[in-house]
Protein chains: 2
Amino acid sequence: MASIREVAALANVSPSTVSRVMNGTANVDPEKRERVLKAIEESGFTPNEVARSLFKKSSKTLGMIIPSIKNPFFTELSSAIERTANQYGYRMILSNTGGNLEKEKNAISMLVSMNVDGIVLATSNAGLRSYLDNCKTPIVTIDRLISKNASGGYIHCDHYEGGRLAAEHLIDCGCKSIVCVRGLDGISSAKERFAGYLDVCKENGIKEQSIICDYDFNEGLAMTEDLLKQYPDVDGIIACNDMVAISIYKVLHRKKIRVPEEIQIIGYDNINLSRLMTPEFTTVAQPIEKMGVKAARLLIKKESNRQQEYIFSPELIIRETTKLQKGADAQ
Amino acid sequence: MASIREVAALANVSPSTVSRVMNGTANVDPEKRERVLKAIEESGFTPNEVARSLFKKSSKTLGMIIPSIKNPFFTELSSAIERTANQYGYRMILSNTGGNLEKEKNAISMLVSMNVDGIVLATSNAGLRSYLDNCKTPIVTIDRLISKNASGGYIHCDHYEGGRLAAEHLIDCGCKSIVCVRGLDGISSAKERFAGYLDVCKENGIKEQSIICDYDFNEGLAMTEDLLKQYPDVDGIIACNDMVAISIYKVLHRKKIRVPEEIQIIGYDNINLSRLMTPEFTTVAQPIEKMGVKAARLLIKKESNRQQEYIFSPELIIRETTKLQKGADAQ
DNA sequence: AAACATCTTGAAACGGGTTTCAAAAGAAAA
DNA sequence: TTTTCTTTTGAAACCCGTTTCAAGATGTTT
């Protein structure tokens, strides 16, 4: 509320002196310093961070933009980024866009205006590309690719390999009729995972079967009904993420179809919940924690980012929704 | 990137004219308007939202502060608020604090600096009280009470009644040894729910048994082990929220204790997940949606806030983790 | 005492939109 | 043609913290 000029008047010094006391940027006469401190105390003055960042070009803040706050993959990712940012004295603010292009542009422009020191974008709207290429604020895209020119780099987990891992595992588990539940078409990660699945199918001479589903459990519920109608002999399902895997299980359970005896399910992401479910879900893990840390460190310049692309490896986590034919284990 | 003065120079007009063209605040000669529009186009100018809000006192933005982004209660709440804000042309930004006092102060001061039009605070740090009382930006506290003076009002669900509902239901279900898993001591909502439980115990002459647990499933996992040691004859558990209920179930299932046959569980909040689980969880529902809409509307001044306190009613949702002795049903 | 070095301090400019105010230009009325 | 009213326009002030720059004050050296 109170401004630096009011504090200055109260302490009978100039605004510059108040600023110097607050920031310790220069010596101030001890007696005046006392007066200033007292005036700050009395007026309950807190500096306006925005006016401050308007001049300096940093706000010690990272911005994060996610498509869905209800998807634990993104909340776990943002937690990792925030924790890392905090370690370096930065804060993080979050903006949820639901994948809406206008909201995304809007969020970016607000974040840039705030002089955030970097933005991590976990969103995949192709319409953002030109926006990104012209943005002076470093942006790292994570999980999904929009533009290779994004100033801050592109962090992702090898989705193609993840798709392969899932498909190979179901084959190892004896599945003969595997259905791949693909993410929406516009999402680069979904495309790559599907490509991995496709190649494994070809190599093993199995039929390619797929169905599209948004990353949301309500969508998952409805989609599963369709899936069962369309592929009545299905015995293995690759879900596009763990939330959808959970909703697939829900529908199967309601229909008294046993998992993994009749149909096996493998999820994707390895969110905390996948381990908390009963049964525990087999899934392809993304190193969420590591990816988040990397993103934060890149933006805070704790790591050189000469490199443009950072690829992490997925890992198969075998739990209770699939059943290996013989031998082997993981986790 | 480009500033309004650069655009002005390009179009050969004054900055004021550019501002007028952008905002339609006054008539501008059609020919000059064209020049300005063209200059904006060419320079890729986007107005600096912060500089703008530094002058105007509004930024068409709501801020939200939550203690844990991993707790679906808060993400569902923030989704409701955001959706409502968007309907009125406002955006929302989110700040996650982990309940840390310093981070909360920090978040508030940043939000205030940004000239957000209102803050919704779902956090419960008593140390924030004086902060809130002096804050010129309207703040509504939701779910948890900090100060009755909070400018924007206090929205909550009747926690005492919720505690009663849960306890009475377990009694109706025939439980003889009920353990109440209480939230942390500093949290007002947790205290009130516990008070409700306590009164029901007294009225029915049952033993009061409780254990403290943070709102987090990892805590829940560890706490459940203690609970079983401390109260080996427990046959009914009131969880402090749905996430904890899920982790309690997890531990019981691992130990081959059947739910609800041997131990019945009731959660709290009615997050989406509670319905997605197998078995589906009995819970005390908070009207998350309604509370969020209310908070947003209050701050956006779509509703007068002469009133200071808005109390919603909890609702018992009976599902599969409890078993009524005779008759009745819901949802 | 004069000359020089050092420290402390406030005025002013800055960053980027917005708005007020008064001047200039144009149009209508006398 | 002159007066009056209306419209358009830019200069300048504003929001608020920071920083530069130069002046003032103090202290040190010869």
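First the proteins, then the strands, lettered A, B, ... as listed; each starts at 1. Only a predicted model underlies this, so the values are computations on that prediction, with no experimental measurement involved.
Among the heavy atoms of the strands, none lies under 4.0 Å from B:Val50.
The side-chain hydrogen bond (donor to acceptor under 3.5 Å, both in side chains) test with A:Thr97 is passed by exactly one of A:Glu104, A:Lys105, A:Glu102, A:Lys103: A:Glu104.
The NZ atom of B:Lys136 sits 11 Å away from the C1' atom of D:dC15 (whole-angstrom rounding). Put simply, CG on B:Asp29 is 20 Å from P on D:dT6, counting in whole angstrom units. Spacing between atom CE of A:Met110 and atom P of C:dG16 amounts to 19 Å, rounded to whole angstrom units. In this structure, the CD atom of B:Glu49 is 16 Å from the C1' atom of C:dG15, given to the nearest Å. The CZ atom of A:Phe45 sits 13 Å away from the C1' atom of D:dC15 (whole-angstrom rounding).
Taking 4.0 angstrom as the limit, A:Lys32 places none of its side-chain polar atoms (N or O) nearer than this to OP1 or OP2 of C:dT8. The phosphate of D:dT8 (OP1 or OP2) has a side-chain N or O of B:Asn27 nearer than 4.0 angstrom. Between D:dT9 and B:Thr17, no contact under 4.0 Å exists linking OP1 or OP2 to a side-chain N or O.
At a threshold of 4.0 Å, the pair A:Arg83-A:Glu289 counts as salt-bridged, since one of the basic side-chain nitrogens sits closer than that to a carboxylate oxygen.
Under the 30°/60° scheme for interplanar angles, the aromatic rings of B:His156 and B:Tyr154 are found to lie parallel.
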Produce a footprint string for nucleotides 18-26 of chain D: one letter per nucleotide, 5' end first; B if the base is under 4.0 Å from any protein heavy atom, S if only the sugar-phosphate is, - if neither. BBB------
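Side-chain contact annotation: A:Asn115 with A:Lys56, donor-acceptor N/O pair under 3.5 Å absent.
Distance check, rounded to the nearest 0.5 Å: CE of A:Met64 to CG of A:Leu299 gives 10.5 Å.
A donor-acceptor pair is defined here as one N or O able to donate and one able to accept, closer than 3.5 Å; such a pair exists between the side chain of A:Asn71 and the backbone of A:Phe73.
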